[in-house]
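Every chain is numbered from 1 and lettered A, B, ... according to where its sequence line falls, protein lines coming before strand lines. None of the values given here were measured: they were computed from a predicted structure.
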Amino acid sequence: MQTWLFKSEPDVFSWSDLVARGAKGEAWDGVRNYQARNNMRAMKVGDLGFFYHSNEGKEIVGIVRVIAPAHPEAKDETGKWECVDVEAVVPVPSPVSLDAVKANPKLSDMVLVNNSRLSVQPVAADEWKEICKMGGVDLKKLKGS
DNA sequence: GCCAACGTTGGC
DNA sequence: GCCAACGTTGGC
C-alpha cells in the first residue's frame with residue numbers, strides 16, 4: 001500500500017464535506033496538473049492519504065481511502081484528465097499544521113514542504129508514520145478498518 | 001492582497 | 001525546441 005496527500009481549499013471542498021458524503025465518497029476532480037494526475041494513476045484501491053486544508057488552516061485534518069482507481073473525468077471534454085474517488089476514514093485527532101511539519105527535521109523531504117503547489121502528492125512510509133504519531137492517529141485502528 | 005514559484009502556452 | 005509571457009497556486 002502506498003500513501004498520499006490530497007490538498008483542498010476548505011472554502012471549495014473541506015474535510016467535513018467529504019465526511020458528509022459517507023461511504024459514497026467523492027470524485028477528486030478538477031486536477032489540471034500532469035504530475036498530480038500521474039500520482040492518481042499510480043493509486044490503488046485501498047491506498048490511504050492525508051487530507052490537507054490549504055490556504056485556510058494549512059493543516060492535515062483527516063485520512064482518506066482510495067475507493068476507485070483513476071478514471072476519466074466525466075465533465076472533462078478533452079479526455080486528458082482523470083480522477084480517483086476517495087472516502088473519509090478517520091479524522092486526525094489533533095490536526096498537524098504546516099508549521100509543525102516544517103519544524104520536524106524528519107519531514108524536511110516532504111513534497112508538502114518542497115513543492116507546496118502540487119495538489120496530489122506521494123507520502124513516504126516514514127513520513128506517514130511520523131505525521132500519524134504527531135496527529136494522534138491510531139495506526140492499529142486504521143489497519144483494521 | 002501581495003508575490004514567489006511553478007506550469008503552460010504560443011510565437012519564433 | 002527555446003524561451004518570454006502569462007495564469008494559477010498557495011504561503012505569508
Report the distance from atom CG of A:Asn55 to atom P of B:dG1, rounded to the nearest whole Å.
13 Å

Between B:dG7 (P) and A:Asn39 (CG): distance, integer Å
12 Å

Aromatic ring pairing A:Phe50/A:Trp128, orientation class (parallel under 30°, perpendicular over 60°, tilted between)
parallel

OP1 or OP2 of C:dG11 less than 4.0 angstrom from a side-chain nitrogen or oxygen of A:Tyr52, does that happen here?
yes

Gap between atoms NE2 and P, on A:His53 and C:dG11 respectively (whole Å)
12 Å

Tell me which nucleotide among C:dC12, B:dG7, C:dG10 gets nearest to the side chain of A:Asn33.
B:dG7

Take the protein atom CD of A:Gln35 and the nucleotide atom C1' of C:dT8, then report the distance between them rounded to whole Å.
15 Å

Could you check how far CG of A:Asn38 sits from P of B:dG7, rounded to whole Å?
12 Å

Just checking A:Leu118: base, sugar-phosphate only, or nothing, at a heavy-atom cut-off of under 4.0 Å?
nothing

Verify side chain to side chain contact (heavy atoms under 4.5 Å, CB included) between A:Phe6 and A:Leu18, making sure each step is shown before the conclusion.
CA-CA 12 Å; A:Phe6 296 83; A:Leu18 185 61; over 6 Å; no

Could you state the OH-C1' distance from A:Tyr34 to B:dC6, rounded to the nearest angstrom?
15 Å

Distance check needed: C:dG10 P versus A:Leu112 CG, whole Å only.
10 Å

A:Arg117 side chain, from C-beta outward: closest of B:dT8, B:dA5, C:dG10
B:dA5

When you look at A:Arg32 and A:Glu73, which way does the salt bridge (charged side-chain N to carboxylate O under 4.0 Å, His left out) test go after all the steps?
CA-CA 11 Å; A:Arg32 294 293 179 270; A:Glu73 260 189 44; 3.0 Å; yes

If you check every side-chain atom of A:Glu9, which of B:dT8, B:dG7, C:dG10 has the closest atom?
C:dG10

So, is A:Lys58 close to the C:dG10 phosphate, meaning a side-chain N or O under 4.0 Å from OP1 or OP2?
no

Using whole Å, what does the distance between atom C1' of nucleotide C:dG11 and atom CG of A:Asn114 come to?
14 Å

Please check if the side chain of A:Asn104 supplies one atom and the backbone of A:Val101 the other of a donor-acceptor pair under 3.5 Å.
no

OP1, OP2 of C:dT8 versus side-chain N and O of A:Lys7: anything below 4.0 Å?
no

Measuring from the side chain of A:Ser119 (C-beta onward, heavy atoms only), which nucleotide among C:dG10, B:dC6, C:dC12 has the closest atom?
C:dG10

Tell me, with the steps shown, if A:Trp81 and A:Tyr34 meet ring-ring contact (aromatic ring centres under 6.0 Å, His included).
CA-CA 8 Å; A:Trp81 302 108; A:Tyr34 289 104; 4.8 Å; yes

When only distance counts, do a donor and an acceptor, one from the side chain of A:Arg32 and one from the base of C:dT8, lie under 3.5 Å apart?
no

Closest to the A:Ser54 side chain: C:dG10, C:dC12, B:dA5?
C:dG10

